[in-house]
Protein chains: 2
Amino acid sequence: MSQPSAPRKTPGRPARISREDIIETGRRIVTEEGVDRLTMRRLAKDIGSTPMALYHHVRDKEELLVLLLDDYATRTMHRPELPADPRERIVVAASAIHDVLAACPWIVEVLTADDLMSTSALWFVEQIVGGLMECGLNPERAVHAYRAIWYYTAGEIVVRTAAARRRAADERPTYREQVFAGLDPSEYPRLAQVADRWAPLTAEDTYVVQLRALVDGLLLTR
Amino acid sequence: MSQPSAPRKTPGRPARISREDIIETGRRIVTEEGVDRLTMRRLAKDIGSTPMALYHHVRDKEELLVLLLDDYATRTMHRPELPADPRERIVVAASAIHDVLAACPWIVEVLTADDLMSTSALWFVEQIVGGLMECGLNPERAVHAYRAIWYYTAGEIVVRTAAARRRAADERPTYREQVFAGLDPSEYPRLAQVADRWAPLTAEDTYVVQLRALVDGLLLTR
DNA sequence: GCTAGTTTTTATACATGTATAGAAACTTAG
DNA sequence: CTAAGTTTCTATACATGTATAAAAACTAGC
């Protein structure tokens, strides 16, 4: 029998940096100077290493960003008291995920990650799926319903923060504004009717209201 | 009075390439060789110009991709016969947008564009907003409801195609798979219950089903 | 025709992610 | 100790988007 308690060292050159070092330094750069300043060279320099050394601990920069988001979520997502009513519990849990992610500025580069759901967010997913099943959905429908909630949430965040970024970076009127300005009322009567209110209306944050509608629709017994 | 019909030339060096040239050549490269092959240098070479010359006709590469998506949508989105029932019309119009975008492989790099909605897609937006109002929503609620549909649609496409790309690029098991494999059933009973079915379930295409639920929920009179 | 002004194009340069090759630093077997 | 094997790190190189500065090609005013 082998002795697993022996001070067994792994062969090979000992690592001078760890994934944790990378995440920690990366977090510092991002929080202090913004995600734009996070480059592999800068990170390597701050860590006292070389750019390519990082690649032995993370697959690429996208994985690094996912890890940083994970780290951020773990530090930020504390489990709240959830309502007893399952329908309300679904809404509150989804909103909790939404709010944490929406507050994370570098989200867009990463949110396309299907498997983003970090361990810390799993508890919320559990609550949502559990709530859906408690409301009468079978497991299959509950998973599909959860996915719909996730699609809606991710889409809201991605579209909204990308739009905000674009507004900040460019003073020119958006393409959308130009299109709406030159709208032919005879061909697009409904859009022309709301054209001047479109921008303020889409700027309003109605995430929760529409989430409620989605949940209501998902729970309809048809 | 000035004579606008006179052959009035603009001052300055005459352009040798046009935005249309760029879009046309870009489309050819993308369709023939894929979006990965579309680089500013390659595009310039094919067009017989230099990379930086392109930047007088498009702001940056992202705008070029938006233009290409717009071009693609214009060529692809033909107005179908829509059902008379407004609720069904909403579903069919949204599905039409979804299907066209989902079939576009380079979508993810661009779909974060809030103002992506090209002129050719506006007709579908008109149908959706019109259908919502016909179902009794006032203009404000109709716009918000349309946005919810758009968030859901964009989120579905972004998350799904990004996941597909990641699977294609990497043979390793995803992070999500690892997390689900090591799930503690006592802490996450619902997730553990569906853990082995999660991957096939999320692979199913239930866009339309969940869209119907969303529309139903948005139209509930509460 | 010449000059000034305007627009487009070109040349050059830089920052960035990352592929590749090999050197360095360790463990283990003999 | 030496040799082989393994892992990590370093140096170099390349592709890419794009900033900057200057040259080129035109029109309009004189």
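Note that the structure is a prediction, hence the values are computed from the model and not measured. To find a chain, count down the sequence lines: A is the first, B the second, and so on, and within it residues start at 1.
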- Item | Along DNA chain C (nearest heavy atom to each residue), the more 5'-positioned of B/Gly12 and B/Arg16 | B/Gly12
- Task: Check the distance between C/dT16's P and A/Asp60's CG and give it to me in whole angstrom.
- Result: 17 Å
- Would you mind classifying the nucleic acid contact of B/Ala53 as base, sugar-phosphate or nothing, using non-hydrogen atoms under 4.0 angstrom? base
- Message: I want to confirm an ordering. Mapping B/Thr39 and A/His57 to their closest nucleotides on DNA chain D, which one lands closer to the 5' end?
- Response: A/His57
- Starting from P on C/dT16, measure out to CG on A/Leu43 and report it in whole angstrom. 12 Å
- Note on the structure: Rounded to whole Å, the CZ-P distance (A/Arg59 to D/dT8) equals 17 Å
- Note: for B/His56 and A/Ser18 on DNA chain D, the residue whose nearest nucleotide lies more 5' is A/Ser18
- Rounded to whole Å, CG of B/Leu65 lies from P of D/dT16 at a distance of 14 Å
- Message: Rounding to an integer number of Å, can you tell me how far B/Met40 CE sits from D/dA15 C1'?
- Response: 14 Å
- Item | Selected nucleotide, minimal atom distance to B/Lys61 side chain, candidates D/dG17, C/dT10, C/dG17 | D/dG17
Counting only pairs under 3.5 Å, give me each side-chain donor-acceptor contact of residues 203-211 of chain B, with atom names and distances, residues two or more places apart or in other chains.
from	atom 1	to	atom 2	distance (Å)
B/Glu204	OE1	A/His144	NE2	3.4
B/Asp205	OD1	B/Tyr207	N	3.1
B/Thr206	OG1	B/Gln210	NE2	3.4
B/Tyr207	OH	B/Thr153	OG1	2.8

- d(CE, A/Met52; C1', C/dT16) in whole Å: 12 Å
- Roughly how far apart are B/Ile128 CD1 and B/Arg147 CZ, rounded to 0.5 Å? 12.5 Å
- Query: Just to confirm, is there a sub-4.0 Å distance from OP1 or OP2 of D/dT10 to any side-chain nitrogen or oxygen of A/Ser49?
  - Reply: yes
- Item | Check ion pair A/Arg19-A/Glu24 (N to O, under 4.0 angstrom) | no
- Message: I'd like to know whether B/Arg42 forms a salt bridge (Lys or Arg N to Asp or Glu O under 4.0 Å) with B/Glu33, so could you lay out the CA-CA distance, the side-chain angles of the two residues, the decisive distance to 0.1 Å, and finally the verdict.
- Response: CA-CA 12 Å; B/Arg42 167 67 193 281; B/Glu33 307 182 36; 2.8 Å; yes
- Task: Report the nucleotide, chosen from D/dT27, D/dT18, D/dT12, that has the shortest atom-to-atom distance to any side-chain atom of B/Pro51.
- Result: D/dT18
- For the pair B/Arg28 and B/Asp46, find out whether any cationic side-chain nitrogen is under 4.0 Å from an anionic carboxylate oxygen. yes
- How long is the line joining CZ of B/Arg13 and C1' of D/dA23, in whole Å? 8 Å
- Message: Using whole Å, what does the distance between atom P of nucleotide C/dT12 and atom CZ of B/Arg41 come to?
- Response: 13 Å
